[in-house]
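Okay, structure first, notes after.
Quick note on labels: first sequence line is chain A, next is B, and so on, each numbered from 1.
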Amino acid sequence: MRPPASEAELMERAREWAGWPLAAIAAECGVQVPADLRRAKGWIGQLLEAALGATGSSLPEPDFPGIGVEMKTLPVNEVGQPQESTYVCTAPLDGSLGTRWEASWVRRKLSRVLWVPVAMGSSLGERRLGQALLWSPNAEEEGLLRTDWEEHAATIALGELWQLDARRGRALQIRPKGASADSTTWTLDDEGEWTRAQAIGFYLRASFTGGILARNFRLPKG
DNA sequence: ACTTGATCATAC
DNA sequence: GTATGATCAAGT
């Protein structure tokens with residue numbers, strides 16, 4: 001699938017898939033549907049990348065580099081409320097994170113996002129796509145993200161990692177990110193010594209993404 | 001019931 | 001290990 005040349009073309013494709021069960025999309029894309037997501041947690045995201053014409057999913061760039069759009073699938077219940085948080089990116093602990101929101105990876109990644117709701121269903125293949133929403137944060141949303149990010153960044157800059165906790169942040173939280181609790185990365189601690197710490201990342205709370213979808217969500221037609 | 005902390009697959 | 005894609009499942 002050729003990458004979309006414009007946002008309009010991307011939205012056109014997303015509209016065509018809206019309402020489709022995942023099994024039908026997988027068939028069109030020549031992909032097998034796994035029994036469940038336990039050993040394939042990223043499967044839906046990768047399927048939609050193929051269906052919409054995103055480029056390689058392991059590259060450190062937007063899903064649609066030509067038009068600067070990031071895509072995120074969002075598991076939602078029958079009322080359109082997200083059932084999970086949304087991973088944004090890792091939080092580097094080696095000093096490269098900085099303290100300027102304007103220069104942050106989080107801000108860049110969230111500047112333009114295609115949210116693709118995926119309704120829950122009795123089986124993975126029966127789950128249906130909702131209508132996608134092309135989003136940029138409004139002033140209120142960006143202010144919320146900025147406040148949270150600056151608080152986390154300050155804690156990390158001070159090397160006070162023990163203060164990091166998923167309870168902090170109204171919209172943007174910090175949680176572990178890795179293959180397991182043993183996944184670590186280098187960090188400069190509060191006494192200026194290099195040590196290893198658990199790898200962590202930025203996540204959007206379901207309540208925040210729920211607010212975004214609430215402006216636009218509708219159930220796919222049967 | 002809901003959130004936090006842990007985990008799974010794959011490419012490089 | 002770091003990036004991509006996320007959801008699982010223990011804890012409260």
Looking at dT4(C), dG5(C), dT4(B), which one has an atom nearest to any side-chain atom of A166(A)?
dT4(B)
Which nucleotide sits closest to the side chain of R39(A): dA6(B), dA9(B), dG5(C)?
dA9(B)
Distance in angstrom units between Q173(A) CD and dA6(B) P, rounded:
13 Å
Should W135(A) and W115(A) be marked as a ring pair (Phe, Tyr, Trp, His ring centres under 6.0 Å) after you check the CA-CA gap, both sets of side-chain angles, and the distance that decides it?
CA-CA 7 Å; W135(A) 170 86; W115(A) 298 103; 5.8 Å; yes
Atom NZ of K41(A) and atom C1' of dT10(B): how far apart are they, to the nearest Å?
14 Å
Checking all strands, does R175(A) fall into the base, sugar-phosphate, or nothing category for heavy-atom contacts under 4.0 angstrom?
base
With sugar-phosphate meaning primed atoms plus P, OP1 and OP2, does Q83(A) contact a base, only sugar-phosphate, or nothing at under 4.0 Å between heavy atoms?
nothing
For T185(A) and dT2(C), is the shortest distance between a side-chain N/O and OP1 or OP2 below 4.0 Å?
yes
Would you call R15(A)-E12(A) a salt bridge at under 4.0 Å N-O?
yes
Calculate the interatomic distance between R170(A) atom CZ and dT4(B) atom P; express it in whole Å.
15 Å
Rounded to whole Å, the CZ-P distance (F208(A) to dC2(B)) equals 21 Å
Using a heavy-atom cut-off of under 4.0 Å over every strand shown, decide if E61(A) touches base, sugar-phosphate, or nothing.
nothing
Let's see if you can work this out: which of dA3(C), dG5(B), dG5(C) has an atom nearest to the side-chain heavy atoms of P60(A)?
dA3(C)
Tell me the closest heavy-atom pair linking G169(A) and D148(A), and the distance in Å.
CA-OD1, 3.5 Å
Provide the closest heavy-atom pair for G201(A) versus Y87(A) in the form atom of the first, atom of the second, distance.
CA-CE1, 4.4 Å
Just how far, in rounded Å, is C1' of dT4(B) from CD of Q198(A)?
11 Å
Nearest whole Å is fine: how far is dA6(C) P from L74(A) CG?
9 Å
Any idea which heavy atoms bring W43(A) and P34(A) closest together, and the distance?
CE2-CD, 3.4 Å
Hey, does the side-chain of K109(A) have a donor or acceptor N/O within less than 3.5 Å of a partner on the base of dG5(C)?
no
Is the phosphate of dA9(B) approached by Q46(A) (side-chain N or O, under 4.0 Å from OP1 or OP2)?
no
Using every non-hydrogen atom in the two residues, find where F202(A) and T90(A) come nearest and quote the distance to one decimal.
CD1-O, 4.0 Å
Do any side-chain nitrogens or oxygens of T90(A) fall under 4.0 Å of OP1 or OP2 in dA3(C)?
yes
Where each residue is assigned the nucleotide of DNA chain C containing its nearest heavy atom, which of E49(A) and E84(A) is assigned the position nearer the 5′ end?
E49(A)
Given the ring of W105(A), does R108(A) sit roughly above its face, with NZ or CZ under 6.0 Å from the centre of the six-membered ring and within 45° of the axis?
yes
Atom CG of L97(A) to atom C1' of dT2(C): distance rounded to whole Å?
15 Å
Please confirm whether any donor atom in the side chain of Y203(A) sits under 3.5 Å from an acceptor in the base of dA6(C), or the reverse.
yes
Counting side-chain heavy atoms from C-beta on, which of dT4(B), dA6(C), dT7(C) comes nearest to P75(A)?
dT7(C)
Please classify the nucleic acid contact of T86(A) as base, sugar-phosphate, or nothing, using heavy-atom distances under 4.0 Å.
nothing
By nearest atom, which of the nucleotides dT4(C), dG5(C), dG1(C) is closest to the D63(A) side chain?
dG5(C)
With a 3.5 Å cut-off and just heavy-atom distances, do the side chain of K177(A) and the base of dT4(C) make a donor-acceptor pair?
yes
Taking any heavy-atom pair under 4.0 Å as a contact, classify G42(A): base, sugar-phosphate, or nothing.
base
Want to settle it: does M71(A) or R38(A) sit nearer the 5' end of DNA chain C, counting the closest nucleotide to each?
M71(A)
Atom-pair distance (CH2 on W43(A); P on dT7(B)), nearest Å
25 Å
Pick the nucleotide of DNA chain B nearest each of S85(A) and S183(A); which residue has the one closer to the 5' end?
S85(A)
